[in-house]
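Below is one structure; the comments refer to it alone.
Being a predicted model, the structure only gives us computed values, none of them experimental.
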Amino acid sequence: MVTRYFGGIKLGAGGLIRAYSHSAAKAVQEGPKLLIAPRQIVTISVDYSNFGAIERQLQTQGLHYTASFTDLVSIEIYVEPEAVTSLEADLTNLTGGNLTWQLQEVRMVELPYTANISEE
């Protein structure tokens, strides 16, 4: 929010434009950002012994996931729909086929957005 305490004309139109545009740019730069995109939800179940390798692979690929731990580790992975086949091959090779793979629905999800907006 931008608050203007002085109502005079000394800044002029150019000064007001610079003040407000600078404030807007800072808000966009420093505010939280989310990416809302379609993702194929994939659920895999693996033994605890495979979880570390899978987690590293998912982090390396920059994929968002959640894990729950019972007798097996159940991992819900949010994947771009066109990358599902490749991910399945990677994780199957990584675990030697010791995983259960289930495709869920495609839905719009909110993901952290990490692109940097530079100051101009």
Side-chain angles (χ1 to χ4, degrees):
M1 173 169 33
V2 176
T3 303
R4 200 173 144 204
Y5 291 106
F6 180 68
I9 58 170
K10 290 185 178 186
L11 281 178
L16 287 174
I17 290 170
R18 282 190 298 278
Y20 287 130
S21 63
H22 176 73
S23 297
K26 290 291 272 185
V28 168
Q29 184 178 27
E30 294 179 11
K33 296 157 197 70
L34 290 175
L35 172 66
I36 300 173
R39 291 295 185 260
Q40 174 76 56
I41 311 302
V42 176
T43 304
I44 63 171
S45 296
V46 295
D47 292 328
Y48 280 82
S49 61
N50 288 315
F51 177 66
I54 287 176
E55 186 173 43
R56 279 189 300 279
Q57 179 72 18
L58 296 176
Q59 289 172 351
T60 299
Q61 292 185 10
L63 295 173
H64 183 72
Y65 63 94
T66 58
S68 59
F69 303 89
T70 57
D71 56 329
L72 294 172
V73 181
S74 179
I75 309 168
E76 187 173 82
I77 310 167
Y78 303 90
V79 187
E80 292 180 13
E82 59 274 5
V84 170
T85 304
S86 173
L87 179 66
E88 182 177 16
D90 290 346
L91 297 183
T92 299
N93 289 336
L94 191 63
T95 63
N98 293 323
L99 66 104
T100 303
W101 181 273
Q102 292 181 328
L103 286 178
Q104 308 295 331
E105 73 276 3
V106 174
R107 65 180 142 156
M108 298 299 283
V109 297
E110 293 181 357
L111 301 168
Y113 185 72
T114 57
N116 294 324
I117 300 172
S118 62
E119 282 190 46
E120 295 186 25

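- Rounded to the nearest 0.5 Å, atoms OG (S68) and CD (E76) are 8.5 Å apart.
- Residue L58 is grouped with residue L103 when hydrophobic side chains (ILVMFWY) are merged at heavy-atom distances under 4.5 angstrom, including chains of intermediate members.
- In plain terms, the two heavy atoms of Y78 and L63 that are nearest each other are O-CD2, 3.8 Å.
- Distance check, rounded to the nearest 0.5 Å: CD of E110 to CD1 of I36 gives 5.0 Å.
- With a 4.5 Å cut-off on side-chain heavy atoms, L99 and T92 count as touching.
- Proximity of a side-chain donor or acceptor of Q40 to a complementary backbone N or O of Q104 within less than 3.5 Å is detected.
- Hydrophobic clustering places I54 together with Y48 (ILVMFWY residues linked when any side-chain heavy atoms are closer than 4.5 Å, directly or through intermediates).
- Side-chain atoms of Y65 and Q59 form a donor-acceptor pair, as typed in the model, at a separation below 3.5 Å.
- Interatomic distance, CD1 of I41 versus CD of E105, reported as 6.0 Å (0.5 Å rounding).
- Rounded to the nearest 0.5 Å, atoms OG1 (T95) and CG (D47) are 9.5 Å apart.
- Just one residue in the list V46, I44, T43 forms a side chain to side chain contact (heavy atoms under 4.5 Å, CB included) with W101, and that residue is I44.
- Aromatic ring pairs are classed by plane angle as parallel below 30°, tilted from 30° to 60° and perpendicular above 60°; the pair F51 and F69 is perpendicular.
- The OG atom of S49 sits 7.5 Å away from atom CG of N98, with the distance rounded to the nearest 0.5 Å.
- Using a 4.5 Å heavy-atom threshold, the side chains of Q61 and L87 count as touching.
- For the residue pair L94 and A53, the shortest heavy atom distance occurs at CD2-O, 3.4 Å.
- When all heavy atoms of R39 and P81 are compared, the closest pair comes out as CA-CD, 4.4 Å.
- Between N50 and L91 there is no side-chain heavy-atom pair separated by less than 4.5 Å.
- V42 and V79 get closest at one heavy-atom pair: CG2-CG2, 4.2 Å.
- Taking OG of S21 as the start and NZ of K26 as the end, the distance is 13.0 Å to the nearest 0.5 Å.
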